[in-house]
Amino acid sequence: MTVTEQRRGRKIMMTPGELDAFLTAQRTCRVATVSADGAPHVSALWFAWDGTSLWLYSVVRSRRWAQLRRDPRVAVVVDSGEEYDQLRGVELSGRVEFVGEAPRTGELCAELDTPETLFARKNFGLDEMPHDGRHAWARLTPEKIVSWDFTKLGAL
């Protein structure tokens, strides 16, 4: 995993272990894509983290999916906390790759075994991924990761 060394905020950035635990536990991310006219578009989405890549499970007939197909550049934020001293988060950016058939109907695809198992357990409490023929997978192996953990401010 590539973690960007942060000039400002080094004291509150997450360690690789903290980052992995945080992304494994969280369910919802915000995905920023680029419209054809260059305007940003942000939408919420469930995801799976496999320790290296963020797996986005998107409706293929969505604005987000169409924009990613046209331009695979993406920025994703996963965050939590209500009070200032509870804020934690990660921004991951790079280019997505599309994996498996679109829409996903459950064809055998070994590359999707791990993310589908992780996603099904976390979001549905199932051991196997239910396929609805409406969603498909995009994998973000981040080129840049920036994190913050304001719970560390009390120790400074």
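- Transitive grouping of hydrophobic side chains (ILVMFWY, heavy atoms separated by less than 4.5 Å) brings Leu54 and Leu68 into a common cluster.
- Glu116 contributes atom CD, which lies 6.0 Å from atom CH2 of Trp137 (distance to the nearest 0.5 angstrom).
- Annotation: Glu128, atom CD; neighbour count of heavy atoms from other residues, nucleotides and ligands within 6.0 Å does not exceed 12.
- Within the model, atoms CE of Met14 and CD1 of Ile145 stand 11.0 Å from one another, a figure rounded to the nearest 0.5 Å.
- Side-chain N/O atoms of Trp148 and Glu91 include no donor and acceptor closer than 3.5 Å.
- Both Leu140 and Leu23 belong to a common hydrophobic cluster when Ile, Leu, Val, Met, Phe, Trp and Tyr are linked at side-chain heavy-atom distances under 4.5 angstrom.
- A 4.5 Å side-chain heavy-atom check between Val59 and Trp65 finds every atom pair outside the cut-off.
- Aromatic pair Trp49/Phe119: centroids not less than 6.0 angstrom apart.
- Checked by atom type and distance alone, the side chain of Lys122 pairs as donor or acceptor with a backbone atom of Gln26 at under 3.5 Å.
- Judged by a 6.0 Å distance limit and a 45° cone about the ring axis, Arg88 is not positioned over the six-membered ring of Phe150.
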Open item on the list: Apply side-chain contact (heavy atoms from CB on, under 4.5 Å) to residues Leu45 and Val31 and explain how you reach the verdict.
Closed with: CA-CA 7 Å; Leu45 191 64; Val31 180; 4.0 Å; yes
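- Phe47 and Tyr57 have their aromatic ring centers separated by at least 6.0 angstrom.
- Taking OG1 of Thr33 as the reference point, atom CG of Asp71 lies at 8.5 Å (rounded to 0.5 Å).
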Pair Leu126-Arg121, side-chain contact (heavy atoms from CB on, under 4.5 Å): steps then yes or no: CA-CA 5 Å; Leu126 302 171; Arg121 286 180 180 158; over 6 Å; no
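- When atom types are taken as modelled, the side chain of Arg30 and the backbone of Ala75 share no donor-acceptor pair closer than 3.5 angstrom.
- Note on Val60: it does not cluster hydrophobically with Trp46, by side-chain heavy-atom contacts below 4.5 Å among ILVMFWY residues.
- Between Asp79 and Leu87 there is no side-chain heavy-atom pair separated by less than 4.5 Å.
- The two residues Pro142 and Ser53 come nearest to each other via the heavy atoms CD-CA, 4.5 Å.
- In this structure the side chain of Arg104 never reaches within 4.5 angstrom of the side chain of His135, judged on heavy atoms.
- Side-chain contact between Phe124 and Met129: present, with at least one pair of heavy atoms (C-beta onward) separated by less than 4.5 Å.
- Connection of Val146 to Val42 is not established within any shared hydrophobic cluster, with ILVMFWY side chains joined at heavy-atom distances below 4.5 Å, either directly or through further cluster members.
- Remark: side-chain polar atoms of Lys144 are not paired, donor with acceptor, to backbone N or O of Leu92 under 3.5 angstrom.
- Closest heavy-atom contact between Thr52 and Thr141: O-CG2, 4.1 Å.
- A side-chain donor from one of Ser35 and Gln67 sits under 3.5 Å from a side-chain acceptor of the other.
- Val77 places none of its side-chain heavy atoms less than 4.5 Å from the side chain of Val90.
- A donor and an acceptor atom, one from each side chain of Ser58 and Arg64, are located under 3.5 Å apart.
- In this structure, Glu18 and Lys152 have side chains that are in contact, with non-hydrogen atoms separated by less than 4.5 Å.
- Once rounded to the nearest 0.5 Å, the distance linking CD of Glu101 with CG of Leu112 reads 8.0 Å.
- You'll find the side chain of Arg69 reaches within 4.5 Å of the side chain of Phe98, heavy atoms only.
- Linking ILVMFWY residues whenever their side-chain heavy atoms come closer than 4.5 Å, directly or via other members, places Leu56 and Leu19 in the same cluster.
- Rounded to the nearest 0.5 angstrom, Ser147 OG and Phe22 CZ are separated by 9.5 Å.
- Taking each heavy atom of Thr105 and Gly133 in turn, the nearest pair found is CG2-CA, 4.4 Å.
- His41 has its side chain within reach of Ser43: a pair of non-hydrogen atoms, C-beta onward, lies under 4.5 Å apart.
- Annotation for Ala44 and Thr28: closest pair CB-CG2, 4.1 Å, computed over non-hydrogen atoms.
- From Asp50, atom CG reaches atom OG1 of Thr24 across 9.0 Å, with rounding to the nearest 0.5 Å.
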